[in-house]
Student: 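Quick one: structure below, then a few questions.
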Amino acid sequence: WKQTWNNLLQVTAEHTADHRSWDRPSHLSQISKETMESIALQRLVSAGLWDEIGMPALSEWASKVALNRPEDLSYDEVVTAIQNISRLALFGAPPSHHTMEESRSKPIAFSVKTGVDESLCVYARSVNALLVLRGVLGLGENDLEESLLQNLALLLHEWAVYRDDLDDARALQIALDSYLHPSLANYDQFYIDIKMQKCLYYSRTHNWKKAKETANLLVEYCKNHGYLSNQVRILIHMSIMQLESDRKQCTAAMSPLLEALAMCEQLEMHGLHAAGMSILAVFFLRFQNPKRSIAILEATIPTLMQREHVWFQAEAFLTLAKCHLKIAGTTTAMASKGGNQTSEIPAAKRKRYGQALQALNKSLELFEACQDCSRLREGLYIQAHLYSLLGDLDKREASSERFVKIGSHNKKNGVND
């Protein structure tokens, strides 16, 4: 990419006094096709670099600039840019493009009867962006080729796991395995992506043994093949698995998390470092130090909101809500007692309840965006409990109704929380 940048500078630089009679290019039409192709490729390379160091907004910008002149890119390069823009919807900000107005008038509708607002779903927006850009760039009806199908299947699988549609997830796993063969140009990355999806599935179905075996194999594979950002992401996921598999013992989860944080600091992966720190806050909450957790989260959340997956953002706000509740002298497991009146609550405790409710509402909004039904139920339970403590019985009933509705969806799909 440095050579490409130097070529661009050479084309647009001021001429010396010996060449003042030459006319330097002043319009894109005067620049050679080879140079324009180099510029477009430079944007794609820079998009990959920004993504590698955890700056999705700049990665999206570079991909969009490259797609401004798709005629200067090969088919595979156009597909790569489309996939990158589509994936960035999972980081919270909906992907935008100067030709994507069509997506507003023809949204893709996915019906999941869970009491969740489908219009907010980042996965629906991601799939929509992929298909709309494919149409806008004129790839044609027969151009939903293998690479796009692979990316679409990965998106749909992760979405199905989060919304607890396990039958859909198992069917998509079969499809993903059928795409995997050694002749693929991106075999290593696609193999890692599939295994990470299976690891997520095993975790959600509480098959901890299989999840840990898959994660350990993935860590070694990434280490041997140089996929460092994937290695860090898997280590963070291993820590989350350990925390969820045994809620009383969390020391075993510390080792992979500390390894991930050390790699993030060494390689300057700021987004993943923020994700790891948000999980570290869970440890301090478990160690009965909620104020330390709050300090970590308040320093971490701004970076998370800019650079990481919506799920990590939502989890950070949920942990923050639990910390405020812990300081207020209550726990999420405590049964609500009747007769509580707002006037009877001390001012300091009422303030903590308000802070917890504010963080919890943001968490629910973000979990709704990724349709994580299990976490939504947990958040709604806490929300109903908080409204009960504050004496707002109408809102408590509304939260309880949503809790029951999502729970009935989970049972229908064979999920037991």
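Values reported hereafter were calculated over all heavy atoms of this structure, with side chains retained and with hydrogens, waters and symmetry mates removed.
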Student: Using a strict cut-off of less than 4.0 Å between a Lys/Arg side-chain nitrogen and an Asp/Glu carboxylate oxygen, indicate whether E378 and K322 qualify as a salt bridge.
Tutor: yes
Student: Is a donor on one side and an acceptor on the other found under 3.5 Å between the side chain of E308 and the backbone of T303?
Tutor: no
Student: Run the ring-centre check on Y221 versus Y191 and record whether the distance is less than 6.0 Å.
Tutor: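 That pair passes the under 6.0 Å test.
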Student: For the pair Q313 (side chain) and F91 (backbone), establish whether a donor and an acceptor sit closer than 3.5 Å, ignoring hydrogens and angles.
Tutor: yes
Student: Under 3.5 Å, side chain of N216 to main-chain N/O of K212, donor-acceptor pair present?
Tutor: yes
Student: Looking at CG of L235 and CG of L261, how far apart are the two atoms once the value is rounded to the nearest 0.5 Å?
Tutor: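 Reported value, rounded in 0.5 Å steps: 10.0 Å.
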Student: Going by the angle between their ring planes, with limits at 30° and 60°, are Y123 and Y162 parallel, tilted or perpendicular?
Tutor: tilted
Student: N289 side chain to L285 main-chain N or O, any donor-acceptor pair under 3.5 Å?
Tutor: no
Student: If you measure from CD1 on I85 to CG on L130, what distance do you get to the nearest 0.5 Å?
Tutor: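 Output value for this atom pair is 10.0 Å.
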Student: Classify the side-chain pair E158/H309 by whether it contains a donor and acceptor separated by less than 3.5 Å.
Tutor: yes
Student: Going from CD on Q288 to OG on S293, what distance comes out if it is rounded to the nearest 0.5 angstrom?
Tutor: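 With rounding to 0.5 Å, CD (Q288) is 10.0 Å from OG (S293).
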Student: Would you say the side-chain atoms of N361 and E365 include a donor-acceptor pair closer than 3.5 Å?
Tutor: no
Student: Are the side chain of S126 and the backbone of L90 linked by a donor-acceptor contact shorter than 3.5 Å?
Tutor: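 Side chain of S126 to backbone of L90, a donor-acceptor pair under 3.5 Å: no, none is there.
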Student: Applying the side-chain contact (heavy atoms from CB on, under 4.5 Å) test to Q150, which of I194, L176, L184, D193 qualifies?
Tutor: L184
Student: Rounded at 0.5 Å granularity, tell me how far CG in L172 sits from OH in Y201.
Tutor: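 Going from the CG atom of L172 to the OH atom of Y201 covers 11.5 Å.
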Student: Is the closest basic N to carboxylate O distance between R377 and D372 below 4.0 Å?
Tutor: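 The answer is no: the pair does not qualify as a salt bridge.
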Student: For the ring pair H206 and W208, is the centre-to-centre distance below 6.0 Å?
Tutor: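 Aromatic pair counts; centres sit under 6.0 Å.
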Student: Flag yes if more than 12 heavy atoms outside E213 fall under 6.0 Å of its CD atom; otherwise flag no.
Tutor: yes
Student: Is the backbone of S59 close enough, under 3.5 Å, to the side chain of S63 for a donor and an acceptor to pair up by distance?
Tutor: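 Present.
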Student: Between R396 and E401, is there a side-chain N and carboxylate O pair less than 4.0 Å apart?
Tutor: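 Judged by the 4.0 Å cut-off on N to carboxylate O distance, R396 and E401 do not form a salt bridge.
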Student: Does a sphere of radius 6.0 Å around NZ in K395 hold more than 12 heavy atoms from other residues, nucleotides or ligands, not counting ones at 6.0 Å or beyond?
Tutor: no
Student: Roughly how far, to the nearest 0.5 Å, is the NE2 atom of H273 from the OG atom of S278?
Tutor: 11.0 Å
Student: Report the distance from atom CG of L156 to atom CG of D168, rounding to the nearest 0.5 Å.
Tutor: 9.0 Å
